[in-house]
Amino acid sequence: MTPAAVQLERAEAVIGGRSIWRDVSLTVGEGEFVSVLGPNGAGKSTLLKAILGLLPLAAGRAEVLGDRPGAHNERIGYLPQRHGFDSSTRVRGADLVRLGLDGGRWGVPLPSWLPGVNGSHAAGARVREVIELVGAGSYAHRSIGDLSGGEQQRLLIAAALVRRPRLLILDEPLDSLDLPNQSTVAALLQRICRSERVAVRLVAHDVNPIQPYLDRVVYFAGGAAAAGRPEEVISSQTLSRLYGVPIEVLRASDGRLVVVGQPEAPHVHTERHA
Ligand code: ADP
Ligand code: MG
C-alpha cells in the first residue's frame with residue numbers, strides 16, 4: 001500500500017494556551033480530493049499549518065507524505081488564504097507561475113529529481129505545461145492585476161503545481177469567486193488531482209460548488225472534527241454531534257445541501273452567495 005498523503009491520530013492543536021481542536025483523526029490517501037469545511041474560526045487553517053509543520057501538535061501524531069510534518073514541504077504546493085491582486089500589480093501571469101519554480105517558497109533548493117530544473121529551456125516548458133493544464137494559455141502573458149478573480153486563481157494554482165507536488169493544499173481558493181467560477185475551478189482541481197495524481201486538500205466555506213468532485217470531507221466544529229465520505233459527514237447525525245445542538249441537513253430539489261440550525265453564521269449553504 002502506498003503511504004497516506006496525510007494521517008492524523010488523536011491530534012490536538014493548541015494556540016496561545018487555548019485548545020483549538022482535539023482528538024482529530026483522519027487519513028487522506030494519495031490522489032484524493034478532500035475538502036476541509038466548517039465555520040470561521042473552527043481551526044481549518046490551523047490544520048493546514050499543522051500539516052506543513054508550522055504548528056507542532058500539542059498531542060497525538062501526524063504523518064505527512066510518510067514522514068513528520070515539514071519534512072517534505074518541497075513536495076507540497078500551498079496556496080494560502082488571500083485576497084485578490086489589485087489592478088496595479090504589473091507582474092505577468094506567466095512570471096507568477098515561473099516564481100513557483102524559482103521562488104524557493106520554502107527556501108529550499110529545487111530537487112534534482114524534478115524534470116526541467118537543469119536549464120531554463122526545460123523550466124520554461126514546465127511553466128507552459130502547467131499554464132495549459134489550468135487553461136490559462138490565452139491570458140498568461142497579461143499583467144495579473146488586469147485579470148479576473150477566476151483567472152488569477154487559475155494562475156496561482158498553476159504556480160503551486162509547477163514543482164509537481166504530491167500534495168496540493170489550498171486555503172479557501174474559491175472564496176473570492178462567483179458561483180459559476182467556483183464550480184469550474186473545483187472541476188479543474190479534481191481533474192488535476194486525477195491526472196497529476198496529486199492529493200488535494202481544499203478549505204472551503206460552501207460545500208455545494210465542490211460537492212460533485214469530493215472524495216472526502218473533514219468538517220471542523222465545536223473543537224473537534226469528523227472525517228469521512230461527504231454523505232456520512234454532512235449529515236444531521238454527524239453535524240448534531242459535532243456542534244452539540246440539533247442540526248438538520250436538507251437536500252434541496254436541485255441537489256444542494258442546506259444546513260439548518262448551526263449555532264454560528266451558516267457557512268455550508270449557498271445563502272451568502274444569493
Ligand atoms: P479557520 O481557518 O477555520 O477560520 P483558524 O484555524 O484560522 O480558523 O483559527 C482557529 C482559531 O485559532 C481561531 O479562534 C483563531 O482566532 C485562533 N488563532 C489562529 N491563529 C492564531 C494566532 N496566531 N494567535 C492566536 N490565535 C490564533
Ligand atoms: Mg482559515
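When a ligand or atom number is given, it counts from 1 through the structure's own listing order. Note that these values count all heavy atoms, side chains included, but never hydrogens, waters or copies made by symmetry.
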Practice problem: Flag the pair D146 and R92 as a salt bridge only when some basic side-chain nitrogen lies within less than 4.0 angstrom of an acidic carboxylate oxygen. | Solution: no

Self-check item: Residues in contact with ligand 1, criterion: heavy atom under 4.0 Å
Solution: I15, R18, I20, P39, N40, G41, A42, G43, K44, S45, T46, K49

Practice problem: Could you tell me whether E129 and R126 make a salt bridge, using a distance below 4.0 angstrom between a side-chain N and a carboxylate O? | Solution: yes

Practice problem: Answer yes or no: does atom CZ of R22 have more than 12 heavy-atom neighbours from other residues, nucleotides or ligands under 6.0 Å? | Solution: no

Practice problem: Would you mind checking if R256 and D206 are paired as a salt bridge, meaning a charged N to carboxylate O distance below 4.0 Å? | Solution: no

Quiz item: Can you tell me how far OG of S45 sits from CG of L54, rounded to the nearest 0.5 angstrom?
Solution: 11.5 Å

Quiz item: Which angle, to 10 degrees, forms at the Mg ion (ligand 2) with OG of S45 on one side and OE1 of Q81 on the other?
Solution: 80°

Practice problem: Output the distance between atom CD1 (I144) and atom CG (L155), rounded to the nearest 0.5 Å. | Solution: 5.0 Å

